[in-house]
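Read the numbers this way: they start at 1 and go in the same order the structure lists the ligands and their atoms. Nothing fancy with the numbering, it's 1 onward along the sequence.
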Amino acid sequence: MHVSPVLAAQTTYPFVRIEQAKREAAERGVEIFDFGQGDPREPTDPLIRQALADALTETRGYPKAEGLPELRAAVAAWIDRRFGVEIDPATEVVPTYGSKEAIFSFAQVVVDPASGKDTVLVTEPGYPVQERGAAFAGARVVHLPLREENGFLPVLEALDGETLARTAILWLNYPNNPTAAAAPLGLYEQAACLAAEYDFLLASDEAYSELWFEQPPPSALQVADRSNVVVFNTLSKRSSMTGYRSGFVAAPRWVADALRAYRPTVGTAPQEFVQRASVVAWGDEAHVERARAVYVRKRELLLGALEAIGWRVAGSQATMYLWVAVPDGETSEELAVRLLGQGIVVAPGAYLGPSGEGYVRIALVPTVEDCGRAAEILRGLE
Ligand SMILES: Cc1ncc(COP(=O)(O)O)c(C=O)c1O
């Protein structure tokens with residue numbers, strides 16, 4: 001029996017372990033409040049669901065990799081409204097099947113070891129898909145730690161010339177999962193300048209761009225020269241549409257062309273009825289504002305409880321996460337196990353990368369009512 005050595009070398013996807021511990025607690029009869037995984041459980045807006053249902057009758061045949069013109073136009077119009085950046089819907093937007101598959105496969109499309117471009121830079125702690133995609137593409141992965149003393153931003157000045165020369169992709173993810181930090185436009189400018197100088201792509205995973213609390217965060221698309229900038233976004237978090245699988249890549253034309261050449265082989269175009277529902281989702285901000293208001297409420301409830309028991313919140317600027325410092329004397333896994341004993345599931349920071357040790361991630365996904373009940377349980381801890 002043979003499996004890919006890259007697959008064999010992968011450690012268990014962290015949430016598999018959390019799921020197992022959760023099942024064990026549930027079997028003991030503990031009521032579970034699941035703040036573990038970032039899968040929004042808010043209902044998808046009725047307007048969007050209706051658009052999906054209405055489109056069912058029209059659907060026929062394989063969806064095309066380039067996506068419906070209406071969807072590309074809706075995405076470009078949203079980017080213009082939200083970030084003030086004009087992109088060409090015909091050539092610079094590629095609809096994707098959620099953003100995960102596009103993030104995973106990106107290294108396969110642009111890593112070119114024969115030309116010396118064999119390296120992918122990823123930040124850690126982080127969403128594991130960038131790194132795994134790079135590994136399956138045979139790329140060398142270099143980790144950039146996100147540390148609290150740097151505002152959970154990577155220190156790009158620390159990269160040496162040799163590494164930069166070998167770099168094919170620099171991945172950034174802001175607002176960041178798991179640290180809940182937002183990036184200033186300056187970080188994107190700095191990264192885009194390096195990308196132009198050393199001939200690599202800045203790939204910006206902006207899945208959480210719409211889940212913010214005080215100020216809407218910028219996009220890497222807003223840099224002065226975006227010729228080396230590729231942005232990945234999704235309706236999953238913005239519109240609570242994880243199950244629909246709908247996102248996009250916005251990229252310079254040559255990158256979008258490469259994606260259009262690659263993607264039909266993989267078969268990852270979103271279904272046409274999902275694309276039609278997505279047109280409605282990108283076109284409406286009212287449901288996003290309502291969703292943000294719900295996250296504000298949940299965040300307040302949890303922040304209040306954490307403050308009351310003296311736990312320090314290291315990150316809560318944006319995203320659906322709180323990045324909470326582990327009290328002295330415990331590891332992140334020990335704290336997660338202790339909380340699981342009370343029915344509260346969180347993600348140990350160490351599962352998300354070595355620099356995540358010392359923190360746990362709380363995903364604000366249970367209902368407001370359950371967040372309130374969990375907050376009461378937290379208040380009962382010392
Ligand atoms: C940082 C980050 N990027 C991308 C995704 C992918 O989301 P989707 O494939 O649902 O668009 C996630 C999902 O949790 C995420 O946390």
Task: Any side-chain donor near an acceptor of the partner, R361 and N177, under 3.5 Å - done: yes

- [ ] In plain terms, say whether R379 and E307 are close enough for a salt bridge, that is, a side-chain N and a carboxylate O under 4.0 Å apart.
- [x] no

TODO: Look at atom 10 (O) of ligand 1 and say which protein heavy atom is nearest, naming residue and atom and giving the distance to 0.1 Å.
DONE: S236 OG, 2.5 Å

TODO: Using distance alone, with no hydrogens and no angle criterion, decide if H287 and S239 have a side-chain donor and acceptor under 3.5 Å apart.
DONE: yes

TODO: Check ligand 1 against K237 and write out every atom of the ligand that is under 4.0 Å from a heavy-atom position of the residue.
DONE: 13 (C), 14 (O)

TODO: Would you check if there is a donor-acceptor pair between the side chains of R41 and T367 at a distance under 3.5 Å?
DONE: no

Task: is_close_aromatic(Y295, F213), centroid dist under 6.0 Å - done: no

TODO: Indicate, with yes or no, if the rings of F248 and F232 have centres closer together than 6.0 Å.
DONE: no

TODO: Give the contacting part of L235 toward ligand 1: side chain, backbone, both or neither, where contact means a heavy-atom distance below 4.0 Å.
DONE: neither

Open item on the list: Out of all atoms in ligand 1, which are within 4.0 Å of some heavy atom of N173? Include the element for each.
Closed with: 1 (C)

TODO: Say whether T234, considering both its backbone and side-chain N or O atoms, lies within less than 3.5 Å of an N or O atom on ligand 1.
DONE: yes

Task: Protein contact of atom 7 (O) of ligand 1 - nearest heavy atom, named by residue and atom, plus distance - done: S99 OG, 3.6 Å

TODO: Give the atoms of ligand 1, by number and element, whose distance to some non-hydrogen atom of I103 is under 4.0 Å.
DONE: 4 (C)

TODO: Kindly assign one of parallel, tilted or perpendicular to the pair F104 and F136, based on the angle between their ring planes and the thresholds 30° and 60°.
DONE: tilted

Task: Nitrogen or oxygen of Y321 less than 3.5 angstrom from that of ligand 1 - done: no

Open item on the list: Any heavy atom of R245 closer to ligand 1 than 4.0 angstrom?
Closed with: yes

TODO: Could you tell me if any non-hydrogen atom of Y208 lies under 4.0 Å from any atom of ligand 1?
DONE: yes

Open item on the list: Any carboxylate oxygen within less than 4.0 angstrom of a Lys/Arg side-chain nitrogen, looking at R276 and E70?
Closed with: yes

Open item on the list: Is it the case that ligand 1 has an N or O less than 3.5 angstrom from some N or O of D205?
Closed with: yes

Task: Location of contacts on A207 toward ligand 1, heavy atoms closer than 4.0 Å - done: side chain

